[in-house]
Amino acid sequence: MSSRKFSARMRRLALVALATAAAVVLSSCVTIPTSGPVITGREVSEEEDDERFEVVPEGPVAGAGQEMILSGFLQAHSGSGSYDVAREFLSEALAEEWEPRESVLIRTGNSSIERVGETAMTYNIVVSAIVDSEGTYTAYPLAPQTLNYELVQEGGEWRISAAPDGIVLASGTFSRLFNDHTLYFLDLGRQTLVPDLRWFPGGAAATRIVSTLLNGPPPWLQGAVGTAFPEGTQLSSPRRVAVEAEVAVVELTEEALTASEAQRQLMRAQLEASLVGVGSINTVELRVGSAPLTIAPLGAAAPQLRRQVDSRMLVLQDGEFGYLANSRITPIDGLSEKVVATAPTEVALGGRETVAATLSSAGVHLVRTGAESPALVDDRPGLIAPTLDNYGYIWTVQRGDPRSIRVIDLNGNQSAVQTTLPTDAEIVSLEVSRDGARIAALLATDAGTRLIVASIIRDQGLEYVPTSFGTEPRLDVIVDSGTALDATWVDELSVATLSGIGGTTEVVSHQVGGEQTTLGSPGPAVAIVGGNGENGLRVLGPEGVVSARRGSGWQGGPTVTLIATQH
């Protein structure tokens, strides 16, 4: 036997043992005695498009009591596919009606089963998050929840006759069975791909991704992004995505034929961005019926995906502004001297290195390579660091009034942005994502540090002027502890917050549509700036010392006056 086959066999045997142990633990968690044999798992199989393994639990045991039936049903939630094993615990009528994909309640801590009637039982859990039928993950403050179940005898065996739709998984089980996948939509100018994180179980992930993508933007992004797929386009029958020699074959309904050549190019761009890297998928082929759609490559016209910035720090040091590497400053032609002339305390640089916005004691300046001198565009008192978007707008806001947001175009024209941000808070940080479709706001409130991530609604005329935030924020959380200091985009899917705790600080990464991760303490700090991922994070200390994210910690570096944000 080869070492690879031996290793795979040992992993399968180990997982069977783990499933058995899990069954014992589950049965020991209930608050009433159980009877009958312990439900154990059988050998698992390896999925073609996922290296994880699936635990397939056993069905009900003959003669099992009510408690064992409910316990076995809850354990069977760890199955996947059609949840056929879980349905075996249900009455004939409920087995037809139960919708396991309606939602996933993610529980944490202890759980218990309790009898509340002769044939009625409850399952008591603490919910930390929920995933809906579209794969959207929403975290909640920890809250107890009670799920109600009714049982009935059919053919002399107890079965569940009433149960809520959806499944319940412990947080650890959810992490093993579900993967995060990024769906991509188009910004309004169709120049950039905008991500939206979803969570799907292994096995049929490609089909779930495509089906969900075809349903269009989620509520929180509606009005901020679009899709190239003609309305009504769905997967044709059979409703699945086949993978042939690393090619995802996506068969669409006839609505796809109404798409122009440019639309078809963007349809493929959305699909490839969403699917490439899932299992063995390397490219995508679109078909209507069995006929492939001929689609020319987009080339340089392709919408940008995960735009990167210069990996060097962009700093003001000893009166010079530019990229710092090997103890030398490399200035930006036509821009650096003008930035320095504004005596800035904050700087935001546009993506093409032709525009910058600076904050000084006088207010916010617009700095352009083609202009003779900087232009003061907002002189209101109490302004915080400005931010730029990829449509060419400068965003400004006064710290004491979160609803005082203005956008300023390159000609100095101003307009207000309507939001529902609380008026009884201070806004500490405001930063637009590089795709220009989303914005992160950090606020100091009486309840603590609050992070809000929402979409940006724009006038869909030629100028795409920002007009408001989306009505449904994707992320709205109270950061666990500390004083709000700053926030920045870590990457396309995460925002890092910097909070002051006593004499030190803490950095937390918040996944937009996922979980949060503590990135430790860089020591005393006053600002944080993002780069290209977690290792591109840098914080500025009160004495100007820069600390960079290295591995699982922070490493001190040079001393500067400020670090600029690159957009």
Side-chain angles (χ1 to χ4, degrees), residues 47 49-50 52 80-81 83 99-106 127-140 165-167 169 171 173-187 192-222 224-229 233-235 239-241 243 248 250 267 269-279 281 284 305-306 433 435 437-438 453-455 470 472-477 490-495 509-517:
E47 298 169 354
D49 66 341
D50 197 317
R52 301 185 183 194
S80 61
Y83 294 93
E99 293 289 349
R101 295 187 182 88
E102 180 70 21
S103 65
V104 182
L105 292 179
I106 303 171
V127 177
S128 61
I130 184 172
V131 176
D132 69 14
S133 59
E134 295 282 290
T136 301
Y137 179 109
T138 303
Y140 292 113
D165 287 332
I167 64 173
L169 295 176
S171 56
T173 304
F174 174 81
S175 298
R176 290 193 298 272
L177 297 180
F178 279 67
N179 297 319
D180 58 317
H181 298 281
T182 307
L183 277 59
Y184 286 92
F185 299 95
L186 296 164
D187 77 321
T192 305
L193 288 162
V194 181
D196 187 47
L197 192 66
R198 306 296 179 95
W199 295 80
F200 300 121
T207 300
R208 293 286 298 274
I209 288 168
V210 175
S211 297
T212 309
L213 184 67
L214 293 174
N215 288 338
W220 83 279
L221 280 176
Q222 287 177 8
V225 301
T227 181
F229 294 93
T233 303
Q234 295 293 325
L235 282 171
R239 298 176 59 83
R240 67 182 184 87
V241 173
V243 180
V250 180
M267 287 160 56
Q270 284 184 252
L271 284 168
E272 287 190 337
S274 303
L275 285 174
V276 168
V278 177
I281 297 173
V284 174
L305 173 65
R306 292 188 290 270
S433 61
D435 51 61
R438 301 163 297 152
V453 176
S455 64
E472 297 185 26
R474 182 64 189 92
L475 187 66
D476 188 351
V477 295
V490 179
D491 51 37
E492 65 170 1
L493 288 170
S494 302
V495 176
S509 178
H510 305 262
Q511 203 174 36
V512 182
E515 301 169 323
Q516 68 179 42
T517 306

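In this structure a side-chain-to-backbone donor-acceptor pair under 3.5 Å is present from Gln222 to Pro217. Between the side chain of Ser455 and the main chain of Ala437, no donor-acceptor pair closer than 3.5 Å is present. Under the 3.5 Å distance criterion, the side-chain polar atoms of Gln270 are matched with a main-chain donor or acceptor of Ala228.
The CG atom of Leu214 sits 7.5 Å away from the OG1 atom of Thr227 when rounded to the nearest 0.5 Å. The distance from atom OG of Ser128 to atom CD of Glu515, rounded to the nearest 0.5 Å, is 8.0 Å. Put simply, CE on Met267 and OG1 on Thr233 are 6.0 Å apart, with the number rounded to the nearest 0.5 Å. To the nearest 0.5 Å, atom CZ of residue Arg240 and atom OG of residue Ser211 are 12.5 Å apart. Note that the OG atom of Ser509 and the CG atom of Asp491 stand 7.0 Å from one another [nearest 0.5 Å]. Taking OG of Ser133 as the start and CD of Glu102 as the end, the distance is 5.5 Å to the nearest 0.5 Å.
Each side-chain hydrogen bond (donor to acceptor under 3.5 Å, both in side chains) pair with one or both residues in residues 194-208, not counting sequence neighbours, appears once here: Asp196-Arg198, Asp196-Trp220.
Ile106 is not listed as a side-chain neighbour of Ile130, based on a closest heavy-atom distance of 4.5 Å or more. Taking 4.5 Å as the limit, some side-chain heavy atom of His510 sits within range of a side-chain heavy atom of Val477. A heavy-atom distance below 4.5 Å is found between the side chains of Phe200 and Thr212. No side-chain heavy atom of Phe185 sits under 4.5 Å from any side-chain heavy atom of Pro195. Between Asn215 and Gln234 the shortest side-chain heavy-atom distance falls below 4.5 Å. Between Leu493 and Thr182, some side-chain heavy-atom pair lies under the 4.5 Å cut-off. Contact of the Gln511 side chain with the Tyr137 side chain is not registered, since no non-hydrogen atoms from C-beta on lie closer than 4.5 Å. At a threshold of 4.5 Å between non-hydrogen side-chain atoms, the residues Ile209 and Val278 count as touching.
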Worked check of side chain to side chain contact (heavy atoms under 4.5 Å, CB included) between Leu105 and Leu169: CA-CA 6 Å; Leu105 292 179; Leu169 295 176; over 6 Å; no

Chi angles and distances behind the side chain to side chain contact (heavy atoms under 4.5 Å, CB included) call for Thr136, Val131: CA-CA 5 Å; Thr136 301; Val131 176; over 6 Å; no

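The salt bridge (charged side-chain N to carboxylate O under 4.0 Å, His left out) test applied to Arg474 returns no partner, not counting sequence neighbours. Remark: Asp476 pairs with Arg450 by the salt bridge (charged side-chain N to carboxylate O under 4.0 Å, His left out) rule, at least two apart or across chains.
Looking at Asp435, Leu305, Leu186, Val225 one by one, the single match for side-chain contact (heavy atoms from CB on, under 4.5 Å) with Thr192 turns out to be Asp435. Among Leu221, Leu213, Val210, Leu271, the single residue meeting the side-chain contact (heavy atoms from CB on, under 4.5 Å) criterion with Leu183 is Leu213.
The two residues Leu193 and Ala273 make their nearest non-hydrogen contact at CD1-CB, 3.9 Å. Contact record, Ala139 with Ala129: CA-CB, 3.9 Å, taken as the closest heavy-atom pair.
Between the side chains of Glu99 and Tyr83, no donor N or O sits under 3.5 Å from an acceptor N or O.
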